> 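What follows is a single structure, and I will ask about it in a moment.
What you see below is based on every heavy atom in this structure, not just the backbone, and it leaves out hydrogens, waters and symmetry mates. From a predicted model like this one, the values you see are computed outputs, not experimental measurements.
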Amino acid sequence: MRKVTLAFLRHAKVPSHEGDMPLTEDSSPDIEAAVPRLRKLASANSKFLFLATKTHRSRQTAEALRAAIDPGAPEVKPAWGLRNPDVYLAGSRVELGSKAEFFASQCAYFEMTPKAVRGQTFYDGFLTAPDRIEYWLFSKNPPGENAAAVAKRVLQFAQSFLAAPDQSDLVVACVTHSPVMRAILLEGLGRVDTGEPNWVEEIVLEVSRDGMAYRFRDHVGTLPLLPE
């Protein structure tokens, strides 16, 4: 494989983060705006791959991009490397959200109440923070992955595409979530946190045997490959 270009995109607009919400009816313009930007990443012989997480919002966004850019590409599949941070509550992995009730509903082994959730230092701080993702991003000891761990995981995920046997150039549209993107920028690329990415905004990462090159807005730079 000569070159792999990964675009890490935030999912399209949702009404809230109170649960695994679907996209809003007015989410299409942001998706449509991303289509020409992704097309520009491809060469004449590039192949497209569209990946998502297991959330509705991520998968719906990836499916809409695939339909607009390359309907003949492989069907959208969930990629474990793109998932939100692994954080735990009463033994269960839980998705980040904006309500204590949502956290409580994800606990598989015990009946948790919203009050019990708010009784945990991290979750109380997270739920009451003006910027919840910023709170996690700068937490050095959350109950699970911190930002540095997520950034390393995603960069390893990106670099792993070099092992694919196909020698065609590849563009991978990776629809993920704002915590992942902000962790990449802060801990993976060494940029200053700029807050929530726009809907369907992308971080572009080109990976080759010579190293990695990135672009986000007007920021560009290079990184060495991670040690194997």
> Any donor-acceptor pair under 3.5 Å linking the side chain of Arg209 with the backbone of Leu162?
yes
> Take a 6.0 Å sphere around NE2 of His17 and say whether it holds more than 12 heavy atoms from other residues, nucleotides or ligands.
yes
> Check the orientation of His219 and Phe216. Use parallel for under 30°, tilted for 30 to 60°, and perpendicular for over 60°.
parallel
> Between Ser43 and Asn45, is any side-chain donor less than 3.5 angstrom from a side-chain acceptor?
no
> Determine, stepwise, if the pair Asp86 / Arg93 fulfils salt bridge (charged side-chain N to carboxylate O under 4.0 Å, His left out).
CA-CA 6 Å; Asp86 290 334; Arg93 180 194 179 274; 2.5 Å; yes
> Please give me the minimum heavy-atom distance between Ala62 and Ala52, naming the atom from each residue.
CB-CB, 3.9 Å
> Given Ser178 and Glu196, is the side-chain hydrogen bond (donor to acceptor under 3.5 Å, both in side chains) satisfied, shown in steps?
CA-CA 6 Å; Ser178 68; Glu196 290 291 271; 2.9 Å; yes
> Do any N or O atoms from the side chain of Glu201 and from the backbone of Leu9 form a donor-acceptor pair under 3.5 angstrom?
no
> Ignoring hydrogens and geometry, is there a side-chain-to-backbone donor-acceptor pair from Thr61 to His11 under 3.5 Å?
no
> Between the main-chain N or O of Pro71 and the side-chain N or O of Arg66, is there a donor-acceptor pair closer than 3.5 Å?
yes
> Under 3.5 Å, side chain of Ser139 to main-chain N/O of Asn141, donor-acceptor pair present?
no
> When rounded to the nearest 0.5 angstrom, what distance separates CH2 in Trp199 from OG1 in Thr24?
8.0 Å
> Are Val200 and Val172 linked, directly or through intermediate hydrophobic residues, by side-chain heavy-atom contacts shorter than 4.5 Å (ILVMFWY only)?
no
> For Asp26, I'd like to know if atom CG has over 12 heavy atoms of other residues, nucleotides or ligands within 6.0 Å.
yes
> Go through it in stages, so that I can follow the logic: the residues are Ile184 and Glu187, the test is side chain to side chain contact (heavy atoms under 4.5 Å, CB included), and I'd like the CA-CA distance, side-chain angles, deciding distance and then a yes or no.
CA-CA 6 Å; Ile184 294 171; Glu187 294 288 353; over 6 Å; no
> Less than 4.5 Å apart, side chain to side chain, heavy atoms only: is that true for Pro142 and Phe126?
no
> Please evaluate residues Arg182 and Asp131 with respect to the criterion side chain to side chain contact (heavy atoms under 4.5 Å, CB included), reporting the C-alpha separation (whole Å), side-chain torsions for both, the decisive distance (0.1 Å), and the verdict.
CA-CA 12 Å; Arg182 291 172 71 170; Asp131 182 340; 3.0 Å; yes
> Classify the ring geometry between Tyr123 and Phe103 as parallel (under 30°), tilted (30 to 60°) or perpendicular (over 60°).
perpendicular
> Could you tell me whether the side chain of Asp193 and the main chain of Leu186 form a donor-acceptor pair under 3.5 Å?
no
> Any chance you could lay out the side-chain hydrogen bond (donor to acceptor under 3.5 Å, both in side chains) test for His177 and Thr53, step after step, and finish with the verdict?
CA-CA 9 Å; His177 303 270; Thr53 69; 2.9 Å; yes
> May I ask whether Trp136 and Val117 are part of the same hydrophobic cluster, defined by side-chain heavy atoms of I, L, V, M, F, W, Y residues being less than 4.5 angstrom apart, directly or through others?
yes
> Under a single-linkage definition using a 4.5 Å side-chain heavy-atom cutoff for Ile, Leu, Val, Met, Phe, Trp and Tyr, are Val207 and Val150 assigned to the same hydrophobic cluster?
yes
> Show your working on salt bridge (charged side-chain N to carboxylate O under 4.0 Å, His left out) between Asp166 and Lys47 and close with a plain yes or no.
CA-CA 10 Å; Asp166 191 339; Lys47 295 181 179 180; 2.8 Å; yes
> Is it the case that one hydrophobic cluster holds both Leu170 and Leu51, taking links as side-chain heavy atoms less than 4.5 Å apart, direct or via other members?
yes
> Quick one: does any side-chain atom of Ser105 pair with a main-chain N or O of Phe102 as donor and acceptor, under 3.5 Å?
yes
> Distance check, rounded to the nearest 0.5 Å: Lys13 atom NZ versus Ile31 atom CD1?
12.0 Å
> Answer yes or no: is there an ion pair linking Lys54 with Asp20, defined by an N-O contact shorter than 4.0 Å?
no
> For the pair Ile69 and Phe50, evaluate side chain to side chain contact (heavy atoms under 4.5 Å, CB included) and give the outcome as yes or no after the intermediate values.
CA-CA 10 Å; Ile69 296 171; Phe50 298 86; 3.9 Å; yes
> Taking atom CG of Asp30 and atom CZ of Arg10, what is their separation to the nearest 0.5 Å?
10.0 Å
> Using every non-hydrogen atom in the two residues, find where Pro224 and Met212 come nearest and quote the distance to one decimal.
O-CE, 3.4 Å
> Got a donor-acceptor contact below 3.5 angstrom from the Arg83 side chain to the Trp80 backbone?
yes
> For the backbone of Val76 and the side chain of Glu63, can you confirm whether one donor and one acceptor N or O come within less than 3.5 Å of each other?
no
> Testing the basics here: between Pro22 and His56, what is the closest heavy-atom pair and its distance to 0.1 Å?
CA-CB, 4.4 Å
> Could you state the interatomic distance from CG (Leu38) to CZ (Phe48), rounded to the nearest 0.5 Å?
6.5 Å
> From Gln159 CD over to Leu205 CG, what is the distance, rounded to the nearest 0.5 angstrom?
9.5 Å
> If only atom types and distance count, is the side chain of Thr176 paired as donor or acceptor with the main-chain N or O of Leu82 below 3.5 Å?
yes
> Could you list all the salt bridge (charged side-chain N to carboxylate O under 4.0 Å, His left out) pairs where at least one residue sits in residues 134-148, not counting sequence neighbours?
Glu145-Arg153
> First locate atom CE of Met181, then atom CD1 of Ile203, and finally report the distance between them rounded to the nearest 0.5 Å.
4.0 Å
> Checking side chain to side chain contact (heavy atoms under 4.5 Å, CB included) for the pair Arg215/Leu41: CA distance, chi angles, key distance, verdict?
CA-CA 12 Å; Arg215 174 175 56 79; Leu41 300 178; 3.7 Å; yes
> Side-chain heavy atoms nearer than 4.5 Å, only ILVMFWY residues, links allowed to pass through others: does that put Tyr214 and Val175 together?
no
